[in-house]
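Please read the structure below before turning to the comments.
When reading the values below, keep in mind they use all heavy atoms of this one structure, side chains included, and skip hydrogens, waters and symmetry mates. Labels below follow one simple rule: chain letters A, B, ... track the order of the sequence lines, proteins then strands, and each chain is numbered from 1.
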Amino acid sequence: MKNKRRVISFGILALSLVLIGIGVGNGEHLEVLQKAVMVCLECIGIG
Amino acid sequence: MSGMHRNRLKRLSFQRICQVAFAVLINGYVVGFQKGKIYTGKSKALCVPVLNCYSCPGALGACPIGSLQTVLGARGHHIPFYVLGMLMLVGILIGRAACGLLCPFGLVQDLLHKIPVPKIKVPLKIDKPARYLKYGILLVTVLLLPLFAADKTGIAPPYFCKYICPAGTLEGGIPLLLANETLRRAAGALFTWKLLVLLVIVFASVCIHRPFCRYLCPLGAFYALFQRFSFYQLRLDKEKCVDCKQCERSCPMAVEVTRNINSPECIRCGKCKAVCPVGAISSGKVGRES
């Protein structure tokens, strides 16, 4: 049981790293940057 | 001072030190508060592991929930690999310890709850089903609406941020509007609505411990999915446990510690560990004693 949980944990860890790698490869971090450097009017309640 | 009391103080201050240090670390652009402008450096490509608005004048990183909605709601609606990966990484490493030890909005709620007024214990028949609300908010406002409810331009607004998020109002809206005349003039009905949501959560926080984390936070809901498998875990030694229930009485999230110490509702603040009179609760990496 503990081993199974450990396998799942390491599996999710590996998957998360792969997803980050794919995302960075696709330039998604730049999309996040583009949004984050401008005032998000919806977030602050302007519209 | 008794050993137990000393230990309790040590643990509580450890949590508070973590919360304050992290809040300062991710909101360190002090000039932004003076000028009413936000930071525009490259560190904003990195998602912080907590609910911290990227329109907070001091914010040095991006809000993961806002980023998730932005990528999902963009034209083309592609899978947000990067943001999902970042969230899963935090979830699998520490689970909801991010809520208990790092989140600035959690710190705000903790401090509000210290105001000495009579506290409310939410009846179980309301509390238990209400806790599922945060999963609904995650599914509907963060995932589904940005995917399927785009406007005329083909871009979906960040629905959670726009209509619910009180952190955006507190950390972004209020400081920016105070310092920026143009934004102040543009504020209308939506800002009034968001201010109302914030006020309800502020007043609720005084009487109920962390109501936003319990019932509404989509980020907490996401991390809760990984709680059972995260590397950082709490452990209860049932042989040492004297069943005094002090842990359960002290738990800010009303977790049944002796039944399910790694419950998805646990924010791993360490209060149960600190008050245990026999040291039956420990924490650390899976498979290791601390």
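- Residue with the most contacts toward chain A among B/Cys161, B/Gly168, B/Ser67: B/Cys161 (heavy-atom pairs, distance under 4.5 Å).
- Contact annotation for B/Val90: neither backbone nor side-chain heavy atoms come within less than 4.5 Å of a heavy atom of chain A.
- Using a 4.5 Å cut-off between heavy atoms, A/Leu17 touches chain B through its side chain atoms alone.
- To the nearest 0.5 Å, atom CZ of residue B/Phe226 and atom CG of residue A/Leu13 are 11.5 Å apart.
- For B/Leu93, the part lying under 4.5 angstrom from a heavy atom of chain A is the side chain only.
- For chain A, no part of B/Tyr159 is nearby; none of its heavy atoms comes within less than 4.5 Å.
- Between the A/Ser9 side chain and the B/Phe231 main chain, no donor and acceptor come within less than 3.5 Å of each other.
- The most heavy-atom pairs under 4.5 Å with chain B, out of A/Glu28, A/Glu31, A/His29, A/Met38, come from A/Glu28.
- In this structure, chain A has no heavy atom under 4.5 Å from any part of B/Leu46.
- For B/Leu190, the parts lying near chain A are the backbone and the side chain together; criterion is any non-hydrogen pair under 4.5 Å.
- The residue among A/Gly21, A/Gly23, A/Gly25 with the most heavy atom pairs within less than 4.5 Å of chain B is A/Gly23.
- No other option in B/Pro80, B/Gly91, B/Gly66 has as many heavy-atom pairs under 4.5 Å with chain A as B/Pro80.
- Heavy-atom distances place both the backbone and the side chain of B/Leu89 under 4.5 Å from chain A.
- Residues B/Cys47 and A/Val32 come closest through the heavy atom pair SG-CG1, 4.4 Å.
- To the nearest 0.5 Å, atom CE of residue B/Met88 and atom CG of residue A/Leu15 are 4.0 Å apart.
- B/Lys44 contributes a side-chain N or O that, together with a main-chain N or O of A/Ala36, makes up a donor-acceptor pair within less than 3.5 Å.
- Rounded to the nearest 0.5 angstrom, A/Glu42 CD and B/Cys165 SG are separated by 12.5 Å.
- Note that CD1 of A/Ile46 and CZ of B/Arg184 are 11.0 Å apart. Values are rounded to the nearest 0.5 Å.
- Ring to ring, A/Phe10 and B/Phe229 are not that close: their centroids are 6.0 angstrom or more apart.
- B/Lys194 NZ to A/Cys43 SG: the interatomic distance, rounded to the nearest 0.5 Å, is 6.5 Å.
- By number of non-hydrogen pairs under 4.5 angstrom with chain A, the leading residue of B/Ala187, B/Cys56, B/Ser55, B/Ser43 is B/Ser55.
- Remark: A/Leu41 CG to B/Lys162 NZ distance equals 10.0 Å, nearest 0.5 Å.
- The two atoms that bring A/Ile44 and B/Phe191 nearest to each other are O-CD1, 3.2 Å, heavy atoms only.
- Counting heavy-atom neighbours within 6.0 Å of B/Tyr135 OH, excluding the residue itself, gives a total above 12.
- Side-chain atoms of B/Lys42 do not come within 3.5 Å of backbone N or O of A/Leu33 as any donor-acceptor pair.
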